[in-house]
Amino acid sequence: MKTWHNTKQYDSFTLQENMMKAKLLTALVAVATASSAMAATYEIDPFHTNARFAIDHFKTSTNVGGFYGLTGQVDFDQAKRKGKLDIEIPVKNLQASSPQFTQHLLSADLFNAEAYPTMRFESTRFNFAKNKLKSVDGKLTLLGKTHPVRLIANKFNCYDSPMLKTQVCGGDFTATIDRTKWGMNYLVDVGMSKSVKLDIQIEAGKK
């Protein structure tokens, strides 16, 4: 027959065993979390990555267009709050409001796709506030010229993609640039804006 003393001793052993299991589970979760937060390389997903632009048209309307089929990679380390982005933008994939307008944008007046078939953005620094990505500093190469650009992160997140079957990181970024720094001066002398707003959507899957 179990005595009160033996029952108390049994309960004590059970409590210690449960505490050890809880500690082990916590340790396993910590290891798993640390592993998922380690530095990794992500390949740009061209279906969820694009670079769009908008420019005021003589204070009357706004001209818009976008580049699709972007390629490149992201190196990201959440734990160390570091990252690197290297992305190529194929100028020939430009799409605007009409085929005629698209062809004009591709001409030597503007993007000069024949002479400069690609643009490139290469980051120099990821900027964090605590654990939240706030912006990405980098260099934009356009029309053979390279100048610094800061991309503001409107949102950024990592998730397990049910489509790609891997972890995906990405976000929405914005910047406003002075196109004349890259030598794109078309119609500036007659009053068209030189400021261009960029909206960049990036998603990249872990290799």
Side-chain angles (χ1 to χ4, degrees), residues 19-53 66-94 116-177 181-182 196-207:
M19 288 178 65
M20 290 179 64
K21 288 180 179 179
K23 288 180 179 179
L24 179 60
L25 180 60
T26 300
L28 289 173
V29 170
V31 170
T33 302
S35 297
S36 64
M38 289 175 62
T41 296
Y42 300 78
E43 185 174 0
I44 291 293
D45 174 9
F47 297 109
H48 295 93
T49 302
N50 58 73
R52 289 158 287 124
F53 63 87
F67 299 92
Y68 303 88
L70 282 62
T71 58
Q73 70 177 38
V74 180
D75 295 316
F76 184 59
D77 188 333
Q78 177 69 49
K80 293 183 179 180
R81 298 190 300 178
K82 291 184 178 180
K84 184 178 180 182
L85 169 63
D86 190 351
I87 189 164
E88 285 200 354
I89 303 170
V91 177
K92 67 179 181 179
N93 289 355
L94 171 63
Y116 303 100
T118 62
M119 292 186 287
R120 183 182 182 188
F121 179 83
E122 186 177 13
S123 71
T124 54
R125 180 181 174 87
F126 276 35
N127 302 305
F128 285 81
K130 295 185 178 179
N131 290 322
K132 185 176 181 181
L133 180 64
K134 302 298 290 185
S135 63
V136 176
D137 292 332
K139 299 175 293 183
L140 175 65
T141 300
L142 165 64
L143 296 175
K145 295 180 170 62
T146 302
H147 293 286
V149 170
R150 170 170 285 186
L151 302 180
I152 304 300
N154 295 325
K155 60 180 178 179
F156 184 85
N157 186 46
C158 296
Y159 71 100
D160 292 326
S161 171
M163 295 172 288
L164 297 182
K165 308 300 181 185
T166 188
Q167 186 187 56
V168 168
C169 292
D172 288 343
F173 301 85
T174 61
T176 298
I177 65 171
K181 289 184 178 180
W182 287 267
V196 180
K197 182 185 177 186
L198 305 177
D199 289 293
I200 301 174
Q201 173 192 355
I202 298 172
E203 289 195 27
K206 188 176 180 180
K207 288 185 176 181

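The first residue in the sequence is number 1, and the count goes up from there.
Interatomic distance, CD1 of Ile202 versus CG of Leu151, reported as 7.0 Å (0.5 Å rounding). Residue Thr174 holds its OG1 atom at 6.5 Å from NZ of Lys197, rounded to the nearest 0.5 Å. The OG1 atom of Thr146 sits 9.0 Å away from the CZ atom of Arg120 when rounded to the nearest 0.5 Å. Atoms CD and CG, on Glu122 and Leu140 in that order, are 11.5 Å from each other to the nearest 0.5 Å. For the atom pair NZ of Lys139 and CG of Asp86, the computed distance is 9.5 Å after rounding to the nearest 0.5 Å. Atom CD1 of Ile152 is separated from atom OG1 of Thr176 by 9.5 Å, given to the nearest 0.5 angstrom.
For residues 125-144, no residue pair satisfies the ring-ring contact (aromatic ring centres under 6.0 Å, His included) rule, not counting sequence neighbours.
Counted by atom type alone, Asn50 and Gln201 present one or more donor-acceptor pairs between their side chains at under 3.5 Å. No hydrogens or angles considered: nothing links the side chains of Thr124 and Asp137 as a donor-acceptor pair under 3.5 Å.
Formation of a donor-acceptor pair under 3.5 Å by the Arg81 side chain with backbone atoms of Lys130 is found in this model. Remark: side-chain polar atoms of Ser123 are paired, donor with acceptor, to backbone N or O of Leu85 under 3.5 angstrom. A distance-only check finds a donor-acceptor pair linking the side chain of His147 to the backbone of Lys181 [under 3.5 Å].
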Practice prompt. Go through the steps for Phe121 and Val136 under the test side chain to side chain contact (heavy atoms under 4.5 Å, CB included), then give the verdict.
Written response: CA-CA 11 Å; Phe121 179 83; Val136 176; 4.1 Å; yes
Item to complete: Walk me through it: do Arg52 and Tyr68 pass the test side chain to side chain contact (heavy atoms under 4.5 Å, CB included)?
Response: CA-CA 9 Å; Arg52 289 158 287 124; Tyr68 303 88; 3.9 Å; yes
Fill in: Phe76/Lys84 under side chain to side chain contact (heavy atoms under 4.5 Å, CB included): CA gap, chis, key distance, verdict
CA-CA 6 Å; Phe76 184 59; Lys84 184 178 180 182; over 6 Å; no
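When all heavy atoms of Cys169 and Phe156 are compared, the closest pair comes out as CB-CZ, 4.1 Å. Of all the heavy atoms in Lys206 and Ala40, the pair that sits closest is CE-CB, 3.6 Å. Heavy atoms only, all atoms of each residue included: Asn157 and Tyr159 are closest at ND2-CB, 4.2 Å.
Ile177 places a side-chain heavy atom less than 4.5 Å from the side chain of Trp182. Inter-residue side-chain proximity for Met163 and Lys165 is flagged as unmet; no heavy-atom pair is nearer than 4.5 Å. Using a 4.5 Å cut-off on side-chain heavy atoms (C-beta onward), Tyr116 and Val91 make no contact. Two residues are said to be in side-chain contact when any heavy atoms from C-beta on lie closer than 4.5 Å; Val74 and Ile44 meet this criterion.
The only member of Gln167, Glu203, Lys207 that meets side-chain hydrogen bond (donor to acceptor under 3.5 Å, both in side chains) when paired with Tyr42 is Gln167. The side-chain contact (heavy atoms from CB on, under 4.5 Å) test with Thr49 singles out one residue from Ile89, Ile87, Thr71, and that residue is Ile87.
Listed by chain and residue number, Asn127 satisfy the side chain to side chain donor-acceptor pair (under 3.5 Å) test with Arg125 (two or more places apart in sequence, or in another chain).
Taking the charged nitrogens against the carboxylate oxygens, Lys82 and Asp77 have no contact shorter than 4.0 Å, which rules out a salt bridge.
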